[in-house]
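Values reported hereafter were calculated over all heavy atoms of this structure, with side chains retained and with hydrogens, waters and symmetry mates removed.
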Amino acid sequence: MTEQPLGDLIRALAEADWDAVDTLVVEIGQQGMANGLRVIGAAFALAANRRFGPNTTPTEVAHWVAGLRAQYRGHEPFPALEMEGLIRAALGEPELVDTIAPETALGAELFMLGQILLDQNLSATELDELVTDAEELAAEHL
């Protein structure tokens, strides 16, 4: 099965093309690409580590999440604690995701991945590298 929709999804996130994101998420689900969900999680983890780094404090994560949620005041898509937990899990506290529903985790990861990619303004080559790295990381954890 082709992994192309995953690369397209990450590119759509980076371009804030939310209609394409919605379409691709449905397509991935219909194709039964369970590995695709792992790739999204891996892409989120890689992007979070690039954005925050190993010495980031929980307070810094909370501040970033609060700022992101403030941009969407009145339309906050995900609970702050779950968003913070996902970031902190990517930075080395995996136990923080144990109680987060898979649907919430996936949606929050996509949302935050999109914001991180927008902030980083990666080139097409850098996006391709992120997709490749995410696919390799997901494959390691099968």
Practice problem: Using a 4.5 Å cut-off on heavy atoms from C-beta on, say whether the side chain of Leu122 contacts that of Arg50. | Solution: yes
Quiz item: Would a distance-only check, ignoring hydrogens and angles, find a side-chain to backbone donor-acceptor pair under 3.5 Å from Arg69 to Phe78?
Solution: yes
Practice problem: Calculate, to the nearest 0.5 Å, the distance between atoms CZ and CD belonging to Arg38 and Glu135 respectively. | Solution: 12.5 Å
Quiz item: Do Met112 and Phe44 have side-chain heavy atoms sitting under 4.5 Å apart?
Solution: yes
Practice problem: With the side chain counted from C-beta on, respond yes when Leu68 and Phe111 share a heavy-atom pair under 4.5 Å apart, and no when they do not. | Solution: yes
Quiz item: Yes or no on side chain to side chain contact (heavy atoms under 4.5 Å, CB included) for Ile87 and Thr56, after CA distance, side-chain angles and deciding distance?
Solution: CA-CA 10 Å; Ile87 293 168; Thr56 300; over 6 Å; no
Quiz prompt | Residue pair Met83 / Ala108: nearest heavy atoms and the distance that separates them | solution = CG-CB, 4.3 Å
Quiz prompt | Member of Leu118, Val21, Leu24, Leu127 meeting the side-chain contact (heavy atoms from CB on, under 4.5 Å) criterion with Leu13 | solution = Val21
Quiz item: Between Asn55 and Glu60, what is the shortest heavy-atom contact and its length?
Solution: O-OE1, 4.0 Å
Practice problem: Write down the atom of Ala89, the atom of Val97, and the distance for their closest heavy-atom approach. | Solution: CB-CG1, 3.4 Å
Quiz item: To the nearest 0.5 Å, what is the distance between CZ (Arg88) and CD (Glu95)?
Solution: 8.5 Å
Quiz item: Just how far is it from atom CG of Leu86 to atom CD of Glu93, taken to the nearest 0.5 Å?
Solution: 12.0 Å
Quiz item: Would you say the side chain of Glu129 lies within less than 4.5 Å of the side chain of Thr132, judging by non-hydrogen atoms?
Solution: no
Quiz item: Do Leu91 and Val61 come close enough that some side-chain heavy atom pair is under 4.5 Å?
Solution: yes
Quiz item: Would you call Leu9 and Val39 a side-chain contact if the rule is heavy atoms closer than 4.5 Å?
Solution: no
Exercise. State, to 0.1 Å, how close Leu113 and Ala43 come at their nearest heavy-atom pair, and which atoms those are.
Key: CD1-O, 3.8 Å
Exercise. Looking only at non-hydrogen atoms, find the nearest pair between Ala134 and Leu46 and report the distance.
Key: N-CD1, 3.5 Å
Quiz item: How long is the span from the CZ atom in Arg11 to the CG atom in Asp128, to the nearest 0.5 Å?
Solution: 4.5 Å
Quiz prompt | Leu81 reachable from Trp64 in the ILVMFWY side-chain graph, under 4.5 Å edges | solution = no
Self-check item: Heavy-atom pair with the smallest gap, counting every atom of Ala90 and Asn49
Solution: O-ND2, 2.9 Å
